[in-house]
Amino acid sequence: MGAARCAGRAGRRQVLRAGHQRFRRSVTAAVLTLTTLLGYGPQPSPAAPAQGVPPRIRSGGPPAIHWEPCPEDEKAQCGTMRVPADWSAPYGPSIELTLARRPAGDPSRRIGVLMVNPGGPGASAVNQALDTEYFGDEVERRFDIVGIDPRGVGRSAPILCAQDLVDAKPSPLAATEAEFGQLATYNRRLAADCESRSGPVFHHAGTGNVVRDMDAARIALGEERISFYGASYGSLIGQLYAEKYPDRLRALVLDSVMDHSADLAAFAGRTAESAQDSFDEFVTWCARDEQCALRGRDIRAIWATLTQRAEAGTLQDPYDPPALLSKWDLISAAFSAFYDPQWYSFAYYLKEAYEPAPAGRRAALDVDLTPHSFPAVMCRDWSLPVGGWTGYRALIDGLAARAPQMTASPLALTAVSGCDGWPDPPADPQRPIPAAKGPTLLVNARHDPATAYSWAANVARQLGPSARLLTYEGWGHVAYSHSDCVSGAADRYLIDLTLPAAGATCPPVEPVPYGVG
């Protein structure tokens, strides 16, 4: 009994160390650049921008898809199709989109096509379609799962920018008017760089064009209607598709919901509250879990000290010494940790930052170009005017009052600061969300750090009686992947269109270290 208990402790320590190492990698990426709501696997090597008129556009027919076996999975098909860079100019330059299709496992019981998008903006839907472990077995058997990398993303005419310029983004936490002015100057410089490397897709990367691409793919697939699962920013794709093509949807699942009716105050304010709520939940968890590395200590006081060191320019990155962390880096690391959430590893991260130990320096990344579609999409989908330095300072002060530890949501403030001075005006800005014309399922975690639960509730109200909100009473971003209760309800709806009861909830699932449970 005693030997087994010791072996169990040793095994659990190994699991904690493995999770800690995984968090080191993810938080390093978050500190380098925070651009996506949900990352989904590595990005492919960039390809040159495509030109020319799409096949069959001249004769009035839809674009054709050219299929071949996927190199990642020979049972799946990968395809390309050419579409107009600007759908309002169908005879102008074109771009090439890449999509993947995993056929239904039981063709005799096939329901149809389930299109998927994991969010971002910037995450690969092709990668999600090729993931054989994401959806439930019955969904895999009954649907062809199709993912299209949205224009500007992944394998679909990616928007490319100089890596060193992306990494040089000024902190959105501007403290002076001069620092605020640097944001717009940087944004114009970044836009010019990305435009020069990305071709015609750069000025037409908004979600309004993405839904036109989706419907072109639906026609090319020969489907009268499709089902759609959109997570995080993918939920906005689903909303805009339902608005433009309501009769072409069989089922719609919106997971971790964007509220495209939110003005600047609601966009920034609600997300700041959600980020702060996730910090508060982390503190509460640490007080009750014996394996929290900071259990019994005043985490808010530790955080205050780390913030002061960061503001003074003396906070060393525990994962990349002797590099220094800014306050924005520290907030971004926390935000990244709250997605899963990675509470165990984040507690170690704070402990090591608070009590630094000597460590080797991480080797520099040798990358010249990087996919970076975030501002080109966000700044066409959202109107976020701040009213100059005075308005921006008031915004940050107001957010800090609502989120004393987190100050703001890194996602929202990255968008707000990143669109100031951006050359393209919004093409599809916020507006009231029309009522749903068919049964729609929304799911959201009560303690989602990125897409506020209040957003999901507001979208459900606007969609009306045909929509149903299923609440996951737990933590993290993208509820389907955190709860068997949520994924089971979503799978049932996708298969037989049965919505959960009004007010239905799913119980929270306590986070565990990676490799346990």
Side-chain angles (χ1 to χ4, degrees), residues 22 25-26 29 36-47 63-83 95-107 110-158 210 213-214 216-218 220-223 226-235 237-238 241 251 253 255-256 339-340 371 373 477-478 480-482 487 490-491 494-495:
R22 177 172 173 176
R25 294 190 294 271
S26 66
T36 57
L37 285 173
L38 173 66
Y40 207 93
Q43 295 292 341
S45 299
I65 302 174
H66 304 283
W67 297 105
E68 59 184 25
C70 291
E72 301 92 337
D73 182 353
E74 63 181 13
K75 295 181 181 179
Q77 300 167 307
C78 284
T80 57
M81 60 183 290
R82 297 187 69 80
V83 297
I95 58 175
E96 185 174 83
L97 304 180
T98 297
L99 60 163
R101 173 173 63 184
R102 204 146 41 78
D106 186 350
R110 177 183 179 275
I111 293 173
V113 162
L114 172 63
M115 284 194 185
V116 299
N117 185 278
S124 171
V126 167
N127 287 357
Q128 187 176 39
L130 295 176
D131 185 348
T132 59
E133 298 182 356
Y134 190 84
F135 292 102
D137 291 343
E138 191 64 10
V139 170
E140 298 273 354
R141 284 190 285 265
R142 305 293 297 277
F143 288 95
D144 292 351
I145 297 178
V146 174
I148 310 168
D149 276 359
R151 54 175 55 214
V153 171
R155 303 159 178 83
S156 292
V210 170
D213 298 340
M214 272 180 58
R218 176 195 64 81
L221 289 166
E223 297 291 323
I226 59 169
S227 299
F228 182 78
Y229 168 86
S232 195
Y233 210 80
S235 71
I237 296 175
Y241 188 88
V253 177
D255 184 346
S256 303
Y339 264 50
D340 280 350
S373 61
H477 187 54
V478 183
Y480 186 98
S481 61
H482 287 88
S487 59
D491 290 355
L494 285 171
I495 292 165

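Note that the numbering runs from 1 along the sequence shown for the chain.
- Of all the heavy atoms in A251 and L494, the pair that sits closest is CB-CD2, 4.2 Å.
- E140 meets the side chain to side chain contact (heavy atoms under 4.5 Å, CB included) test with R102, F135, I145; sequence neighbours excluded.
- With respect to E72 and R155, a salt bridge is recorded, a charged nitrogen being found less than 4.0 Å from a carboxylate O.
- Closest approach of L130 to A76, counting heavy atoms only: CD2-CB, 3.6 Å.
- A 4.5 Å side-chain heavy-atom check between M81 and L99 finds at least one atom pair inside the cut-off.
- In this structure, the side chains of N117 and F228 come closer than 4.5 Å at one or more pairs of heavy atoms.
- For the atom pair CD (Q128) and CG (D149), the distance works out to 10.5 Å, reported to the nearest 0.5 Å.
- Residues V139 and L114 meet the side-chain proximity criterion, which asks for heavy atoms closer than 4.5 Å.
- Residues Y241 and M115 form no side-chain contact, since every pair of their non-hydrogen atoms from C-beta on lies 4.5 Å or further apart.
- For the pair V113 and R110, the tightest heavy-atom approach, listed with the atom from each and the gap, is CG2-NH2, 3.7 Å.
- S487 meets the side chain to side chain contact (heavy atoms under 4.5 Å, CB included) test with Y480, D484; sequence neighbours excluded.
- Rounding to the nearest 0.5 Å gives a distance of 6.0 Å between CG of D213 and CD1 of I95.
- Using a 4.5 Å cut-off on side-chain heavy atoms (C-beta onward), R151 and V83 make contact.
- For the atom pair T132 OG1 and D137 CG, the distance stands at 10.0 Å (nearest 0.5 Å).
- Remark: the backbone N or O of G154 is not paired with any side-chain donor or acceptor of S124 at under 3.5 angstrom.
- Here the side chain of D144 pairs a donor or acceptor atom with the backbone of A104 at under 3.5 angstrom.
- Using a distance-only test at 3.5 Å, with no hydrogens or angles considered, no donor-acceptor pair links the side chain of D106 to the main chain of R141.
- Proximity of I495 to F143: side-chain heavy atoms (C-beta onward) are separated by under 4.5 Å at one or more points.
- Put simply, the side chain of L221 reaches to within 4.5 Å of the side chain of R101, judged on heavy atoms.
- Distance alone, capped at 3.5 Å, is enough to place a donor-acceptor pair between the S156 side chain and the T98 backbone.
- Between A125 and P118 the shortest heavy-atom distance is CA-CD, 3.6 Å.
- Closest approach of S373 and P121 over heavy atoms only: OG-O, 3.8 Å.
- Listed here is the closest heavy atom pair of A129 and A100: CB-O, 4.0 Å.
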